[in-house]
Structure formats: C-alpha cells, structure tokens
Amino acid sequence: MIYDRADWHYQGDYPNDLPPQNGGTHIGLFFAWLINHQMESESLAMAYSPELDAIRARLLTGREFVASQRNGELTSSDLSDSGNDFARDYFGSDRYFQDYADTLVGALPSLYHVDDSWANYDLMAACIDARYAVWLEEHRSPWWRFW
C-alpha cells in the first residue's frame with residue numbers, strides 16, 4: 001500500500017517557484033518520526049541501516065532519504081506492523097495534514113513552502129507524539145481481555 005508519493009503533489013496547485021522535492025517534505029517529516037520510534041520494517045532496517053542511523057543522528061532528513069532511496073514514496077512495506085497501524089489511522093486520514101498545517105504552515109503560501117529542517121521536525125514530532133499517545137490509549141486492549 002502506498003500512503004503517499006511526492007509526485008502526487010506536483011499536479012494541480014503545486015507552486016511553480018518551488019523545487020519538486022518540497023512535495024515530499026510532509027512525507028519525510030512523518031517518516032523521520034517513524035524511524036525515530038523504531039517503526040521501520042525489518043527489511044528496510046536491514047537494507048538501509050546506515051541511512052536510518054543517519055536520520056536518527058540528524059545527518060540525513062526523512063525527506064532526503066525518501067527522495068533518494070524510496071522514490072519519494074511512503075509505503076506499508078517500509079513500516080513495521082505497529083507503524084502501519086498508526087500510519088493508516090493518522091497519516092492516512094486528514095488529521096496528519098491538518099496537524100501539519102496547524103503546526104508548520106501558518107502564514108506560508110502553502111504546505112509545500114515548509115522547510116525541510118530539524119526545527120520543523122521537532123515541532124511536528126511533538127504534535128505526532130501527542131497524537132500517538134492518544135492513539136495508543138484508544139487501541140490498547142483492556143487488561144481483562146487477557147483473562
């Protein structure tokens with residue numbers, strides 16, 4: 001399953017004054033959050049261990065990795081089971097884009113004008129952390145189901 005592709009954003013109202021990679025900033029920020037929470041698939045971890053370590057060390061952004069190694073895509077094969085469960089519910093809904101707009105876009109002309117920076121990652125990561133905590137609580141099985 002493809003959650004998102006940067007090139008899906010190049011059509012329609014994509015700003016002519018921006019480089020194409022800006023179409024993947026929102027994907028890269030979410031991807032970096034997933035990597036920083038060890039939600040990558042085993043196959044991705046094995047194939048790209050140095051690159052994922054570089055993301056965790058902030059030497060490589062999520063957008064840079066997704067653009068150079070994953071053809072601008074975020075797919076279910078990139079994520080662990082728990083990563084996919086959360087991505088389907090959060091990234092696959094309007095909530096992620098609304099949070100992205102509320103947190104990072106502000107007075108910018110469009111969501112594509114958001115800089116691919118670790119400062120923006122930190123802002124968005126705090127928002128995703130809060131959403132993830134709520135999601136975990138909503139999806140946690142009550143203890144009595146195990147009896």
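Heads up: numbering here begins at 1 and tracks the sequence. Just so you know, these numbers come straight off a predicted model, no measurement behind them.
Open room surrounds CG on D94; 12 or fewer heavy atoms of other groups in view lie less than 6.0 Å from it.
Proximity of V66 to L74: side-chain heavy atoms (C-beta onward) are nowhere separated by under 4.5 Å. Counting heavy atoms from C-beta outward, S82 and H139 have side chains that stay 4.5 Å or more apart. Counting heavy atoms from C-beta on, the side chains of D99 and Y90 come closer than 4.5 Å. The shortest side-chain heavy-atom distance between Y96 and M124 falls under the 4.5 Å cut-off. For the pair F86/L136, no side-chain contact is recorded, criterion being any heavy-atom separation below 4.5 Å from C-beta on. Residues R95 and D89 form a side-chain contact, since some pair of their non-hydrogen atoms from C-beta on lies under 4.5 Å apart. Taking 4.5 Å as the limit, every side-chain heavy atom of E51 sits out of range of all side-chain heavy atoms of L44. Residues D78 and Y3 form no side-chain contact, since every pair of their non-hydrogen atoms from C-beta on lies 4.5 Å or further apart.
The side-chain hydrogen bond (donor to acceptor under 3.5 Å, both in side chains) test applied to S76 returns no partner, not counting sequence neighbours. Judged as a ring pair (Phe, Tyr, Trp, His ring centres under 6.0 Å), and not counting sequence neighbours, the contacts of W118 are Y121.
A salt bridge between E40 and R56 is present, with a side-chain N of the basic residue lying under 4.0 Å from a carboxylate O of the acidic one. Taking a cutoff of 4.0 Å between a charged side-chain nitrogen and a carboxylate oxygen, D122 and R58 qualify as a salt bridge.
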For the pair F65 and I35, evaluate side chain to side chain contact (heavy atoms under 4.5 Å, CB included) and give the outcome as yes or no after the intermediate values. CA-CA 11 Å; F65 175 81; I35 298 307; over 6 Å; no
Please determine whether side chain to side chain contact (heavy atoms under 4.5 Å, CB included) holds for the pair D53 and L59, giving the CA-CA distance in whole Å, both sets of side-chain angles, and the decisive distance to 0.1 Å. CA-CA 9 Å; D53 288 344; L59 302 173; over 6 Å; no
Does the pair V114 and L108 meet the rule for a side chain to side chain contact (heavy atoms under 4.5 Å, CB included), with working shown? CA-CA 7 Å; V114 171; L108 295 173; 3.8 Å; yes
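Between S77 and S41, the shortest heavy-atom contact is O-OG, 2.8 Å. In this structure, T61 and D116 approach most closely via the heavy-atom pair OG1-OD2, 2.7 Å. Minimum heavy-atom separation, P15 to Y112: CD-CD1, 3.7 Å. Between N120 and D115, the shortest heavy-atom contact is ND2-O, 2.9 Å.
Atom OH in Y100 sits 10.5 Å away from atom CD1 in I128 (nearest 0.5 Å). One distance of note links OH of Y132 with SG of C127; it measures 15.5 Å at 0.5 Å rounding. Here NE2 of H113 is found 10.0 Å from CG of L111. Values are rounded to the nearest 0.5 Å.
A continuous path of ILVMFWY side-chain contacts below 4.5 Å connects M1 to M39, so both sit in one hydrophobic cluster.
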Show me the donor-acceptor pairs within less than 3.5 Å that the side chains of residues 25-32 make with the rest of the protein, sequence neighbours left out.
from	atom 1	to	atom 2	distance (Å)
T25	OG1	N22	O	3.4
T25	OG1	R63	NH1	2.8
H26	NE2	D4	OD2	2.7
H26	NE2	H9	NE2	3.3

